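Quick note: residue numbers are just sequence positions, from 1. All values derive from a computational prediction rather than experimental measurement.
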Amino acid sequence: METYLKITFLNDFIFCPLSIYYHQLYGGVSDKLYYEEVQLEGKAAHAAVDEHRYSTHKDILQGMDVFSEKYQLCGKIDVFDVKKKLLTERKKHIVNIYDGYVFQLYAQYFSLQEMGYDVQIIRFYSMDDNKVYPIKLPSENAEMFLKFETTVNALHKFNPLEFEPQNEQKCAHCIYKNFCDRPLI
């Protein structure tokens with residue numbers, strides 16, 4: 001049996017590969033014990049999609065489970081407009097478009113494609129300021145596509161016993177810093 005990893009792990013992996021371990025370890029514990037306000041607000045902002053209250057239109061898929069056999073990833077999309085062929089990842093507030101965000105969107109894109117959906121446009125939507133951030137498709141951005149595939153491969157091969165943190169700033173902002181056995185702060 002193949003092991004599928006969560007699409008959300010891509011962004012976590014870039015931030016700190018150990019955060020995936022701690023998230024799984026504390027996954028059954030209330031988020032309020034370790035999430036910071038920003039994470040709680042983001043989770044609340046996704047409630048309409050997660051609870052399928054975003055739209056009642058039949059051409060709008062929301063919070064749907066997706067998977068990619070090729071990349072061995074699974075997760076959920078936020079919103080896909082079947083008629084417009086438009087995949088949208090909603091974020092509470094976007095300050096920067098991080099590679100991990102794009103990789104999650106790529107994983108959703110490839111998953112939908114493998115599942116038979118025609119996706120022609122991908123984008124982010126920032127809820128707080130009502131801004132849209134179009135993203136080039138993987139076929140239009142060879143550099144980002146290569147970084148995506150490299151990250152997916154590294155995620156699948158990751159060995160937590162061999163990992164040594166390198167970035168003090170990331171450790172300082174990690175929601176798991178109080179649980180980590182090797183923080184740099």
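Side chains of Q108 and E89: a donor on one and an acceptor on the other come within 3.5 Å.
The ring pair (Phe, Tyr, Trp, His ring centres under 6.0 Å) test applied to F110 returns Y71, F145, F148, not counting sequence neighbours. When the ring pair (Phe, Tyr, Trp, His ring centres under 6.0 Å) test is applied to Y125, no partner is found at least two apart in sequence or on another chain.
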Item to check | Derivation of the salt bridge (Lys or Arg N to Asp or Glu O under 4.0 Å) call for D118 and K85 | outcome: CA-CA 6 Å; D118 184 14; K85 303 175 183 182; 3.0 Å; yes
Checklist entry - Are F9 and L155 close enough, and set up right, to give a side-chain contact (heavy atoms from CB on, under 4.5 Å), and what steps lead you there? => result CA-CA 8 Å; F9 287 179; L155 173 60; 4.0 Å; yes
Next on the checklist: Set out, in order, the CA-CA distance, both residues' side-chain angles and the distance that settles side-chain contact (heavy atoms from CB on, under 4.5 Å) for Q72 and H156, then state yes or no.
Outcome noted: CA-CA 9 Å; Q72 296 177 318; H156 281 288; 3.5 Å; yes
Checklist entry - Does the pair D128 and K92 meet the rule for a side-chain contact (heavy atoms from CB on, under 4.5 Å), with working shown? => result CA-CA 6 Å; D128 280 350; K92 170 89 170 100; 2.6 Å; yes
Next on the checklist: Applying side-chain contact (heavy atoms from CB on, under 4.5 Å) to N11 and F103, what does each step give before you reach the verdict?
Outcome noted: CA-CA 7 Å; N11 192 45; F103 297 166; over 6 Å; no
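Here the CG-CZ distance, from L112 to F80, works out to 5.5 Å after rounding to the nearest 0.5 Å. Residue L61 holds its CG atom at 9.0 Å from CE of M115, rounded to the nearest 0.5 Å. Atom CG of L105 is separated from atom CG of D78 by 9.5 Å, given to the nearest 0.5 angstrom. For the atom pair CD (Q104) and CG (L10), the distance works out to 6.5 Å, reported to the nearest 0.5 Å. Atoms CD1 and OG1, on I60 and T88 in that order, are 8.5 Å from each other to the nearest 0.5 Å. To the nearest 0.5 Å, atoms OG1 (T151) and CD (E149) are separated by 10.0 Å.
Centroid-to-centroid, the aromatic rings of Y106 and Y109 stay 6.0 Å apart or farther.
For CD of Q169, the number of neighbouring non-hydrogen atoms (other residues, nucleotides, ligands) closer than 6.0 Å is 12 at most.
Looking at K170 and E168, no side-chain N of the basic residue comes within less than 4.0 Å of a carboxylate O on the acidic one, giving no salt bridge. At a threshold of 4.0 Å, the pair K83-D59 counts as salt-bridged, since one of the basic side-chain nitrogens sits closer than that to a carboxylate oxygen.
Proximity of a side-chain donor or acceptor of N96 to a complementary backbone N or O of Y98 within less than 3.5 Å is not detected. Side-chain atoms of Q166 come within 3.5 Å of backbone N or O of E164 as a donor-acceptor pair. Between the side chain of S126 and the backbone N or O of I94, at least one donor-acceptor pair lies under 3.5 Å. A distance-only check finds a donor-acceptor pair linking the side chain of E114 to the backbone of E69 [under 3.5 Å].
Using cut-offs of 30° and 60° for the angle between ring planes, the F124 and Y101 rings count as tilted.
Taking 4.5 Å as the limit, every side-chain heavy atom of F13 sits out of range of all side-chain heavy atoms of S19. Proximity of K6 to Q24: side-chain heavy atoms (C-beta onward) are separated by under 4.5 Å at one or more points. Annotation: side chain of N159 is not in contact with side chain of K157 (no heavy-atom distance under 4.5 Å). The closest side-chain heavy-atom distance from R90 to R123 is not below 4.5 Å.
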Using residues 133-144 as the side-chain source, report each donor-acceptor pair under 3.5 Å to any protein atom, sequence neighbours left out, with the distance given to one decimal.
{"from": "E140", "atom 1": "OE1", "to": "L137", "atom 2": "N", "distance (Å)": "3.0"}
{"from": "N141", "atom 1": "OD1", "to": "M144", "atom 2": "N", "distance (Å)": "3.1"}

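Nearest approach of S68 to Y4, heavy atoms of both residues: O-CE2, 3.3 Å. A pairwise comparison of heavy atoms in L18 and P160 identifies CD2-CB, 4.1 Å as the closest pair. Heavy atoms only, all atoms of each residue included: S111 and L73 are closest at OG-O, 4.4 Å.
There is no path of hydrophobic side-chain contacts, each under 4.5 Å, that joins I121 to V66. Under the 4.5 Å side-chain heavy-atom criterion for Ile, Leu, Val, Met, Phe, Trp and Tyr, V119 and V82 are members of the same hydrophobic cluster. Note: the hydrophobic cluster containing I77 also contains I97 (ILVMFWY, side chain heavy atoms under 4.5 Å, direct or indirect links). When the side chains of ILVMFWY residues are joined at heavy-atom separations under 4.5 Å, either directly or via intervening members, V79 and L86 end up in two distinct hydrophobic clusters. The hydrophobic clustering, which links ILVMFWY residues whose side-chain heavy atoms are closer than 4.5 Å, places M64 and I122 together.
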